[in-house]
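Taking it in order: structure first as structure tokens, then the write-up.
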Amino acid sequence: MASIPQQLMKAITLGMIVGCALIIWKALVCMSGTESPVVVVLSGSMEPAFKRGDILFLYMSKDPIRAGDILVFNVDGRDIPIVHRVIQVHERQDTGEVDILTKGDSNNDDDRVLYAQGQLWLQRHHIMGRAIGSLPYAGWVTIILTEKPIIKYVLIGALGLLIII
Amino acid sequence: MTIYYFICNDHKAAKDSVHHSRRLKLLLHRPQLTAPGAPPLAIHHARSSTIRVSPRLEVCHPRFTAPQAPWSSSPNMHSFGYRANALFTFAITILALVCAMASLSDSLNSPSPSAHVQVLNINWFQKQPNGNDEVSMTMNISADLQSLFTWNTKQVFVFLAAEYETPKNSLNQISLWDGIIPSKEHAKFWIHTSNKYRFIDQGRNLRGKEFNLTMHWHVMPKTGKMFADKIVMPGYRLPEEYR
């Protein structure tokens, strides 16, 4: 068992690493203009462009939303955001607000079945961000950790043991 | 009287049992501190090498190493964990760098695509029960998008949108047809199709409406940044009356 000052040094080092990671994440959130600048594709509805397990980089700018944009949006009542392409845009003359209809590339129908009951269009406040780039296969770690939570507990336990011992 | 204060961490000197018990050594310039009867200590300068002053007393290197904090632990630089960590970090960094370079190489490409759409027939043009206009049409769509493909291109997503203005909406974009081009060979195409997706307005504004048919494409890379562009083909017009 290491001495108290040694343990303190280890704890401080760990705290600094966690602090650095948090700073980098918050900086990313600031730069991208959206609350989640990196998301993992969970379903295959945008194949062959984005497969399950890819990472998407999001960016939200004040540019108007146009047909063809790949948007990540939240539907009221669903907690997992959806990544699909815009196929219809109707922009108001006076206010600049938009009505948007989306559809996954490999789905046959548009997303009206996925929207809330009675909702025909998406509005700007549903949109989390626009996908601007991707990295294939990099998101499988997150998928495995989410779908098999046992692995998450094992990993955290092992990390904790490494630090203590 | 000068006092040399140094900490001996010379491994060779640690073999001597005398040194084992003395991590901190105080070396004074006063000859009377040597063991009685032993030859006097040789007075040596701080940077001299090891001098054997007596058969048993070995003075270690009087280097001025920085005082080492007694609570810090020096890690083993050759352990498996350390090496694996260094290797993994290096590999990930190089991978990210290569992906970024691949994405940058896409911007060197200057594409020259072309497209043409001919509206052959308006199949029907009606007012829906909910009050919105709907049109169905048959088109010939031809395009040459081969210059968009680079080695880093996974696919090109192409779609044709009808764009027009109404009193209520400054812009309406309705996608009529889309397709995925998986490779360069398929990028030069000619198809004869009716609109894949329903052309429904928000209202009853489509009679006699002039609209543009815009061909949009999104180049999706194997890794990195996506590019999008379009060709606007103006001059199409819907009939004045429902049919």
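Values in this document were obtained by computation on a predicted structure and should not be read as measured data. Proteins come first, then strands; the chains are lettered A, B, ... in the order of their sequence lines, and each starts at number 1.
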Less than 4.5 Å apart, any side-chain heavy atom of B:H216 and any of A:R66? no
Per side chain to side chain contact (heavy atoms under 4.5 Å, CB included), A:H90 is matched among B:I174, B:L171, B:T166 by B:I174
Review point. Would you say B:F189 has more than 12 foreign heavy atoms packed within less than 6.0 Å of its CZ?
Key: yes
Practice item. Could you walk me through whether A:Q93 and B:E165 pass side chain to side chain contact (heavy atoms under 4.5 Å, CB included), step by step? Key: CA-CA 9 Å; A:Q93 291 268 14; B:E165 190 179 335; 3.2 Å; yes
Looking only at A:A67, A:G96, A:A131, the option with the highest number of non-hydrogen pairs under 4.5 Å against chain B is A:A67
Exercise for review: Assess whether atom CZ of B:R204 is packed by more than 12 heavy atoms of other residues, nucleotides or ligands within 6.0 Å.
Suggested key: no
Can you tell me if NZ on B:K188 sees more than 12 non-hydrogen neighbours from other groups inside 6.0 Å?
no
To the nearest 0.5 Å, atom NZ of B:K154 lies from atom CZ of A:F50 at 7.0 Å
Margin query: Is there a side-chain contact between B:N169 and A:E91 in this structure, where contact means two heavy atoms from C-beta onward sitting under 4.5 Å apart?
Written below: no
Here the pair of heavy atoms bringing B:H218 nearest to A:G68 is NE2-O, 2.8 Å
If one checks every heavy atom of A:I87 against chain B at 4.5 Å, the contacting part turns out to be both
When the 4.5 angstrom heavy-atom criterion is applied to B:Y197 and chain A, the contacting part is side chain
Comparing B:S103, B:S175, B:C99, B:G81 against chain A, the one with the most heavy-atom pairs below 4.5 Å turns out to be B:S175
Under 4.5 Å to a heavy atom of chain A? For B:K225 that would be both
Distance col, row B:K168:NZ vs A:D94:CG, nearest 0.5 angstrom, shows 10.0 Å
Turns out that what part of A:D99 lies under 4.5 Å from chain B's heavy atoms comes down to side chain
Turns out that what part of A:I70 lies under 4.5 Å from chain B's heavy atoms comes down to side chain
Review point. Got B:Q202 and A:Q88 here, is their nearest side-chain heavy-atom distance under 4.5 Å?
Key: no
So, the part of B:M220 with a heavy atom under 4.5 Å from chain A: the answer is side chain
Check your understanding: Is it true that atom CD1 of A:I80 has more than 12 heavy atoms of other residues, nucleotides or ligands lying nearer than 6.0 Å?
Key -> no
### Message
Can you tell me if A:Y137 has over 12 outside heavy atoms packed within less than 6.0 Å of its OH?
### Response
no
So, the part of B:P167 with a heavy atom under 4.5 Å from chain A: the answer is backbone
Distance col, row B:R198:CZ vs A:D110:CG, nearest 0.5 angstrom, shows 9.5 Å
Cut-off 4.5 Å, heavy atoms of chain A, and the answer for B:K222 is backbone
task: Look at atom CD1 of A:I150 and say whether more than 12 heavy atoms of other residues, nucleotides or ligands are closer to it than 6.0 Å.
output: no
Residue from B:A161, B:G224, B:A228 scoring the most non-hydrogen pairs under 4.5 Å with chain A is B:G224
